[in-house]
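The structure under discussion appears below in the form of structure tokens.
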Protein chains: 2
Amino acid sequence: MRVTIRDVAHAANVSISTVSRVLNDTCVVSEDKRLLVLEAAKNLNYRPNPAARSLLNKSTGGLGVLLPFVSGEFFSEFLGGIDEAAQKNDFFLMISTSHRHQDEFRAAMRAMDKRVDGLIIMAPELGAEDAASIPSLDEPVVFVNTNIDQRPFDVINFDNFGGAHALTRHLLELGHHRIAHIKGPADARDAQERTRGYRMAMAESGIEDVVALEFQGGFTQESGHAAANRILQMDPRPSAIMAANDYSAMGVLSALHEAGISVPKDVAVAGFDGLASGQFTVPPLTSVRVPVRELGSTAVMRLIDRLHGKLADTAPLRLDLPVELLIRESTSAKAVHGRTPAFE
Amino acid sequence: MRVTIRDVAHAANVSISTVSRVLNDTCVVSEDKRLLVLEAAKNLNYRPNPAARSLLNKSTGGLGVLLPFVSGEFFSEFLGGIDEAAQKNDFFLMISTSHRHQDEFRAAMRAMDKRVDGLIIMAPELGAEDAASIPSLDEPVVFVNTNIDQRPFDVINFDNFGGAHALTRHLLELGHHRIAHIKGPADARDAQERTRGYRMAMAESGIEDVVALEFQGGFTQESGHAAANRILQMDPRPSAIMAANDYSAMGVLSALHEAGISVPKDVAVAGFDGLASGQFTVPPLTSVRVPVRELGSTAVMRLIDRLHGKLADTAPLRLDLPVELLIRESTSAKAVHGRTPAFE
DNA sequence: AGACTTCATGAAAAGGTTTTCAAAAAAATA
DNA sequence: TATTTTTTTGAAAACCTTTTCATGAAGTCT
């Protein structure tokens with residue numbers, strides 16, 4: 001933090017206003033002074049102080065991203081989509097994690113406040129009552145993968161319900177009746193939607209007593225592994241397991257393998273998210289591809305449109321991105337001896 | 001950007017100095033005024049402007065992270081380690097990607113400049129000549145997974161050479177002689193080190209003509225897949241393939257599977273990085289675990305120590321984090337019918 | 001009680017930039 | 001040439017804090 005605009009002005013023998021004008025080319029300045037300034041700035045390695053600048057501008061050129069975790073394939077792809085879109089539009093990125101905790105969430109909000117021009121928030125665990133108590137910020141916010149109804153925010157989600165419904169139907173059509181379901185974190189809205197899709201499909205097939213088939217999980221391999229072991233102890237053993245996400249499903253595969261149970265011959269397994277690594281499990285995992293990368297880029301574009309005032313009096317967005325059923329060998333016995341799912 | 005410290009001062013009927021003192025509790029102020037200020041600030045929902053603050057302080061409370069990509073298991077875990085350590089120390093995080101491009105790298109450097117107190121840079125493709133031309137910043141920098149010699153920066157790397165050497169020896173000890181090697185990006189220093197380890201181990205075994213066994217890859221599944229197909233056309237076919245990272249190795253597995261070649265019976269396969277998803281490939285992938293999460297947290301801690309001036313006149317750090325050989329079924333035939341690698 | 005120290009408080013400067021406003025210089029018009 | 005218009009330039013205000021300095025009040029000591 002050394003060389004300032006004054007130094008450049010002095011070196012070029014002009015006023016600081018002129019330097020500012022040249023560097024932002026905001027006005028016409030005579031060619032000779034222009035060159036003088038440019039050279040002085042270069043020689044001194046002058047780099048404007050963004051703090052001073054944004055104090056006037058009231059804009060930082062940054063976007064804030066608040067999400068539960070930063071690692072894991074799901075969040076990582078999401079960030080990739082965000083990063084790409086942000087970079088293309090010359091915004092820098094500030095990133096914070098909540099770990100699904102209220103207090104970390106609030107702390108992150110506070111930290112982002114006024115350091116960025118807008119926020120993208122993914123907080124699936126955010127309930128209606130929490131939402132009401134969100135500290136109000138001055139920046140526009142786009143919520144993703146979050147159920148926020150009562151506030152005038154843009155919201156972009158996946159069609160979790162539809163995906164889970166289609167996936168459950170797929171299992172039913174394969175002839176499965178006793179389909180166990182490993183749920184996601186109890187307070188995560190996306191997980192709840194998936195469970196809702198499962199229940200609906202089951203109910204439509206006339207299978208009512210579904211609660212006994214549901215097991216609590218936590219979107220992690222560990223929880224999937226543990227739940228699978230409990231499922232294996234049920235007396236009429238379920239012939240299929242639908243996990244709320246791919247990580248849980250991988251834990252299930254691992255537990256079944258340890259127990260010497262063949263997939264999908266003895267038990268079919270399905271996940272949710274369509275992670276790339278699902279292609280490489282044994283057997284490759286049936287899942288529902290959610291366009292998580294696209295979610296990131298769409299959110300950025302929407303946010304930037306808001307920032308540019310293009311959407312000044314547009315109604316808040318409610319968008320559910322479509323999902324896609326990925327049928328692989330963990331459910332579809334016929335495919336077991338076929339080739340690996342397409343490798344692109 | 002509405003309510004300022006003036007408004008609070010006015011509401012509490014004190015001077016702005018007093019408000020500042022209360023909010024930062026930097027001096028003693030009488031209890032009655034203190035309460036008045038606190039209440040006014042709360043009522044008005046006052047949140048200090050970080051730009052104004054850092055203009056005085058010359059500190060932002062942020063760390064910048066510059067890395068090739070933000071998605072993918074490797075970078076994702078790295079970010080996880082960084083995030084955890086940064087959050088614990090109350091630093092926010094600014095993140096940029098270079099995509100291995102010089103110009104994006106420079107743009108990111110410029111964007112970070114003065115917006116953060118220090119930088120963590122991962123730029124494996126940065127050569128000696130590039131390093132010399134790094135735009136000089138005022139903030140301290142810790143380089144990770146980057147070969148920078150001639151500058152007084154802290155540098156933390158993995159023992160890529162040692163890991164590759166050990167992995168190659170493992171294959172040699174299994175009786176393989178014709179071990180093909182799929183290299184990483186030509187300009188990536190970490191990839192070069194891995195190739196060096198491979199060559200050294202081969203040479204030590206008296207295998208000299210190693211160049212014919214080397215194939216160019218790019219750290220991606222696609223490149224591994226393509227290279228494997230070329231390897232399969234060699235006349236005395238190699239009995240083992242050592243890829244420069246796990247993603248390439250997964251591409252290899254995929255190509256071998258398509259060609260109906262059994263792993264490890266016909267061809268043994270090994271990767272590098274020890275990604276979690278390597279547990280789930282068919283068969284599970286032998287690899288070298290690099291402590292990438294730890295790399296992130298170590299870098300943060302080192303950087304924060306520098307910021308606090310604790311290392312004022314300490315010599316720049318040169319640290320190679322130890323790596324660990326992970327032997328799984330893709331190389332070790334005996335394990336093929338054993339159980340899945342430990343699931344924790 | 002007087003001199004001196006401690007304490008709480010406010011005024012003002014500083015930090016680095018952008019931008020408004022006015023002045024000066026140059027060009028154009030009569 | 002005198003006057004008006006246009007163009008270029010610099011001075012200063014503004015942005016929002018923190019911090020130094022000075023002031024006045026309160027407390028302490030002989």
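Excluded from the calculations below are hydrogen atoms, water molecules and symmetry mates; all remaining heavy atoms, backbone and side chain alike, are included. For clarity, every value in this text was computed on a predicted model and none was experimentally measured. So you know, we letter chains A, B, ... as the sequences are listed, proteins then strands, and number each from 1.
- In this entry the distance linking CG of B/L55 with C1' of C/dA13 reads 13 Å, nearest Å.
- The distance from atom NZ of A/K33 to atom P of C/dA26 is 10 Å, rounded to the nearest whole Å.
- Nearer to the 5' terminus of DNA chain C, by closest-nucleotide assignment, is the contact made by B/N13 (compared with the other of A/A51 and B/N13).
- Considering only residues two or more places apart in sequence or on other chains, A/A108 meets the side-chain contact (heavy atoms from CB on, under 4.5 Å) condition with A/L66, A/S96.
- For A/D32, the side-chain hydrogen bond (donor to acceptor under 3.5 Å, both in side chains) partners at least two apart in sequence or on another chain are A/S30.
- Side-chain atoms of A/S15 and A/T18 include a donor-acceptor pair closer than 3.5 Å.
- Shown here for B/P68 and B/T97, the closest heavy-atom pair between the two residues is O-CB, 3.5 Å.
- In this entry the distance linking CZ of B/R115 with C1' of C/dG16 reads 14 Å, nearest Å.
- At C/dT18, none of the side-chain N or O atoms of A/K58 fall inside 4.0 Å of OP1 or OP2 (strictly under the cut-off).
- Annotation: salt bridge (Lys or Arg N to Asp or Glu O under 4.0 Å) contacts involving residues 294-306 of chain A, sequence neighbours excluded, comprise A/D154-A/R302, A/D154-A/R306, A/D305-A/K310.
- The separation between A/R2 atom CZ and C/dT17 atom P is 14 Å, rounded to whole Å.
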Output one letter per nucleotide in nucleotides 17-25 of chain D: B when a protein non-hydrogen atom lies under 4.0 Å from the base, S when only the sugar-phosphate is that close, - when neither is. BBBB-----
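- Residues B/D190 and B/N145 have side chains that bring a donor and an acceptor to within less than 3.5 angstrom of each other.
- Rounded to a whole Å, the CG atom of A/L36 is 14 Å from the C1' atom of D/dT9.
- Across its full length, the helix from C/dA1-D/dT30 to C/dA30-D/dT1 shows an angle of 50° between the axes of its 5 terminal pairs at either end, rounded to 10 degrees.
- For B/H10, there are no side-chain contact (heavy atoms from CB on, under 4.5 Å) partners at least two apart in sequence or on another chain.
- Closest heavy-atom contact between B/A12 and B/A40: CB-CB, 4.0 Å.
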